[in-house]
K.L.:
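After the structure tokens below, expect a handful of questions from me.
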There are 2 protein chains.
Amino acid sequence: MTDMTIGKVADVVGVGVETIRFYERRKLIEQPPRPREGGYRIYSDATVRRLHFIRRAQELGFSLREIAELLGLRDADSNQADASDVRQRALAKLNDVDQKIDQLRQIRQGLAALVDRCPGQGPLQCCSIFDALEQSSGPDSRLTISEEIDMQTIRLSIGGMHCNGCEEIVRHVLEQQTGVKGCSVSHKSGEARVAVDESMISDEQLAEAVRGAGYSANIMKTTE
Amino acid sequence: MTDMTIGKVADVVGVGVETIRFYERRKLIEQPPRPREGGYRIYSDATVRRLHFIRRAQELGFSLREIAELLGLRDADSNQADASDVRQRALAKLNDVDQKIDQLRQIRQGLAALVDRCPGQGPLQCCSIFDALEQSSGPDSRLTISEEIDMQTIRLSIGGMHCNGCEEIVRHVLEQQTGVKGCSVSHKSGEARVAVDESMISDEQLAEAVRGAGYSANIMKTTE
DNA sequence: TTAGTGCCCGTACCACGGTACGGGGTCAAG
DNA sequence: CTTGACCCCGTACCGTGGTACGGGCACTAA
């Protein structure tokens, strides 16, 4: 169980030789002792287990950075680090994973809806997928800081939209307004994001236009 | 709805300015017309929709490369590309997503098991998580080509292992054998991967040793 | 001792999806 | 006509997890 050079270890652990040296550079494992300067690395059993640990943890979704932290905990052990710390990290990771699964499920839904709606044949012009994807991407994600003087992105909270058609209508109404440079509407989040020249139209006028189309509309503070 | 410079477009679409230029470099969008050489880019409505498309497709898990293909389909449309092509891609992506979800579910299971087993307090030495992760990572993943002369990785198919304890026993037995340089055992896949000096012990002797511990063992061709 | 692997090291490179920087040009309001 | 915000371009860099290359030693069996 001794005298393992890097190639053997790589073989046993199931990684590439270069990968082990890469882990060494990343301080995940120490450089093992070598007979003389420039000689071969001879790996101890403990290091091999450490490598197994790294692989397993990776399979569980831990990044190399996180793994380094876990290993660090153990290296500096018997001080105050205890099992609850490790448990915490595992729980946090479990949370991460759950979130990722949720995200993927949403993606799955979106895709499934798209596929459902698609006729599956005929010219592209009839393909609903392209149309659907060109709709607004929904302002539910990141907010951009926009503090322009003559052009601002106004966000409206809109009620009464139930489908893509409603989105379309609202989009159309907004785009008809003077000073509107562009907009994106999402019925899911009930929001619209409008790029507008404020010297030409007020946010209240915008909201009013939307109300005129039969929806409710409230101005959302941009500086949110 | 005209006269949108890059900043406004970025704001409306919800991406960074640099990102739009990046998409341009990646040929996802064309460079929009500019009044004169060196002037500002003025974006058309169509391009803004194209950007929305990109964002939406990204949210659905398509990579930029795939998105470029989708857009390419449309650009060269009315030829033979039809909706079924797009549908195929969406279905393929749906499949990808399902696979990813499955993987994450497995990871979730592993993590949950780990957390379950962990005492949640006390010194790290008692933390089962570290122990569990140090166990073999299971040779179920990639096979390494090993065609060494005096050292080979032998793979054994082992029956009768039901838990980590069994893994431990088998690992111990294997490591006790002369010539064994290292091993990794997985009860899940029912496999062991042993690094061994073949001049010192034969694969059959190894298998016999495992059988002596009460498990079944068969040699798997390394050149699999 | 010599051939044949295997390992050494440093450095560069891959995909992915951007982000940052810096020195300059453009544009519109005041 | 100046000022300030915005945009231009090219290029370099980020994090993530490695992989590849090439010239030169280390080791071992014959």
Side-chain angles (χ1 to χ4, degrees), chain A residues 3-11 13-29 31-43 51 54-55 57-59 61-68 96 141-142 144-152 181 195 197-200, chain B residues 3-11 13-29 31-43 51 54-55 57-59 61-68 141-142 144-152 181 195 197-199:
Chain A
D3 274 33
M4 303 208 33
T5 59
I6 199 169
K8 278 86 181 187
V9 173
D11 226 34
V13 177
V15 299
V17 168
E18 304 285 358
T19 305
I20 294 179
R21 298 207 320 108
F22 171 70
Y23 289 163
E24 198 179 294
R25 285 203 292 284
R26 282 293 194 84
K27 305 284 177 70
L28 289 170
I29 56 177
Q31 182 167 126
R34 287 189 281 171
R36 50 201 89 250
E37 185 77 19
Y40 289 4
R41 291 168 173 80
I42 300 300
Y43 288 86
L51 284 167
I54 294 170
R55 293 304 290 172
Q58 254 186 327
E59 283 169 16
F62 289 96
S63 69
L64 291 187
R65 173 184 304 278
E66 290 164 333
I67 293 170
D96 281 5
S141 35
R142 67 229 94 218
T144 40
I145 311 113
S146 100
E147 306 198 18
E148 309 163 48
I149 293 152
D150 66 332
M151 170 73 84
Q152 275 202 304
K181 300 299 187 187
D197 183 341
E198 290 212 308
S199 67
M200 298 180 72
Chain B
D3 273 35
M4 305 210 32
T5 58
I6 198 168
K8 277 89 181 184
V9 174
D11 225 33
V13 178
V15 300
V17 168
E18 305 284 357
T19 304
I20 294 178
R21 298 205 325 107
F22 171 70
Y23 290 163
E24 198 178 293
R25 284 202 294 284
R26 280 290 195 84
K27 305 282 176 69
L28 290 170
I29 57 178
Q31 182 167 127
R34 286 186 284 169
R36 49 201 93 249
E37 185 78 18
Y40 290 3
R41 292 168 173 80
I42 300 300
Y43 288 86
L51 284 167
I54 294 169
R55 293 303 293 172
Q58 253 185 330
E59 282 169 16
F62 289 95
S63 70
L64 291 187
R65 171 184 306 278
E66 290 164 334
I67 293 170
S141 38
R142 67 231 93 219
T144 39
I145 311 113
S146 101
E147 306 196 18
E148 307 164 49
I149 293 153
D150 68 329
M151 170 76 82
Q152 278 201 305
K181 300 299 189 187
D197 183 342
E198 289 211 307
S199 67

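Quick note: numbers below take in every heavy atom, side chains included, and nothing from hydrogens, waters or symmetry partners. These numbers come from a predicted model, not from an experiment.
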K.L.:
Looking only at N and O atoms, is any donor in the side chain of B:Y40 or the base of D:dC8 less than 3.5 Å from an acceptor on the other one?
P.N.:
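Side chain to base: no pair below 3.5 Å.
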K.L.:
Return the minimal non-hydrogen interatomic distance between B:P35 and B:I42, and the atom names on each side.
P.N.:
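That closest heavy-atom pairing would be CD-CG1, 4.4 Å.
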K.L.:
If you check every side-chain atom of A:R26, which of D:dG17, C:dG18, D:dC8 has the closest atom?
P.N.:
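The nucleotide sitting nearest to the side chain is D:dG17.
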K.L.:
Looking at A:R34, I'd like to know if its CZ atom is crowded, meaning that more than 12 non-hydrogen atoms belonging to other residues, nucleotides or ligands lie closer than 6.0 Å.
P.N.:
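Yes - once you tally the heavy atoms of other residues, nucleotides and ligands closer than 6.0 Å, there are more than 12.
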K.L.:
To the nearest Å, give me how far apart CG (B:L28) and P (C:dG17) are.
P.N.:
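The answer, rounded to whole Å, is 10 Å.
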K.L.:
Whole Å only: how far is the CG atom of B:L51 from the P atom of C:dG17?
P.N.:
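Roughly 16 Å, once rounded to whole Å.
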K.L.:
Would you indicate which nucleotide in D:dT16, C:dG18, D:dC9 comes nearest to any side-chain atom of A:R65?
P.N.:
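The listed nucleotide nearest to A:R65's side chain is D:dT16.
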K.L.:
Distance criterion of 3.5 Å, no angle test: do you see the side chain of B:Y23 paired donor-to-acceptor with the base of C:dG18?
P.N.:
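Between C:dG18 and B:Y23, which were checked side chain against base, a qualifying N/O pair under 3.5 Å is absent.
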K.L.:
Is there a side-chain contact between A:T5 and the phosphate of C:dC7, meaning an N or O under 4.0 Å from OP1 or OP2?
P.N.:
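It does, given that an N or O in the side chain of A:T5 lies less than 4.0 Å from OP1 or OP2 of C:dC7.
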K.L.:
For a quick test of reading the model: is some side-chain N or O of B:S63 closer than 4.0 Å to OP1 or OP2 of C:dC16?
P.N.:
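B:S63 to C:dC16 OP1/OP2: no side-chain N or O under 4.0 Å.
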K.L.:
Mapping B:E24 and A:R36 to their closest nucleotides on DNA chain D, which lands nearer the 5' end?
P.N.:
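Closer to the 5' end of DNA chain D: B:E24.
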K.L.:
Can you check whether A:T19 has a side-chain N or O nearer than 4.0 Å to OP1 or OP2 of D:dT19?
P.N.:
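True: A:T19 side-chain N/O within range (under 4.0 Å) of D:dT19 OP1/OP2.
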K.L.:
Could you tell me how far apart A:I54 (CD1) and D:dG17 (P) are, to the nearest whole angstrom?
P.N.:
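One finds 12 Å between P of D:dG17 and CD1 of A:I54, rounded.
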K.L.:
When we call it a touch if two heavy atoms are under 4.0 Å apart, what does B:R25 touch: a base, just sugar-phosphate, or nothing?
P.N.:
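Counting heavy atoms under 4.0 Å across all strands, the contact made by B:R25 includes a base.
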K.L.:
Quick check for you: among C:dG18, D:dG18, D:dC9, whose closest atom lies nearest to any side-chain atom of B:R55?
P.N.:
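Of C:dG18, D:dG18, D:dC9, C:dG18 is nearest to the side chain of B:R55.
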K.L.:
Looking only at the side chain of B:L64 (C-beta and beyond, no hydrogens), which of the listed nucleotides D:dC9, C:dG18, D:dG18 gets closest?
P.N.:
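Minimum distance to the B:L64 side chain belongs to C:dG18.
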K.L.:
Given D:dT11, is OP1 or OP2 found less than 4.0 Å from the side-chain N or O atoms of B:R21?
P.N.:
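The answer is no; no side-chain N or O of B:R21 sits under 4.0 Å from OP1 or OP2.
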K.L.:
Between A:G7 and A:V17, which heavy-atom pair has the shortest distance, and what is it?
P.N.:
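Closest approach of A:G7 to A:V17, heavy atoms only: CA-CG2, 3.9 Å.
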K.L.:
So, OP1 or OP2 of C:dC8: does either fall under 4.0 Å of a side-chain N or O from A:R41?
P.N.:
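Answer is yes, contact under 4.0 Å.
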K.L.:
Can you tell me which nucleotide in D:dC8, D:dC27, C:dC9 comes closest to the side chain of A:P35?
P.N.:
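Among the listed nucleotides, the one closest to the side chain of A:P35 is D:dC27.
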K.L.:
Once you round to the nearest 0.5 Å, how far does CZ of B:R55 lie from CD1 of B:I67?
P.N.:
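Between atom CZ of B:R55 and atom CD1 of B:I67 there are 9.0 Å.
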K.L.:
Between A:I54 and A:L28, which heavy-atom pair has the shortest distance, and what is it?
P.N.:
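So the minimum-distance heavy-atom pair works out to CD1-CB, 3.9 Å.
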K.L.:
Check the distance between C:dG25's P and B:E37's CD and give it to me in whole angstrom.
P.N.:
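So the two atoms are 14 Å apart, to the nearest Å.
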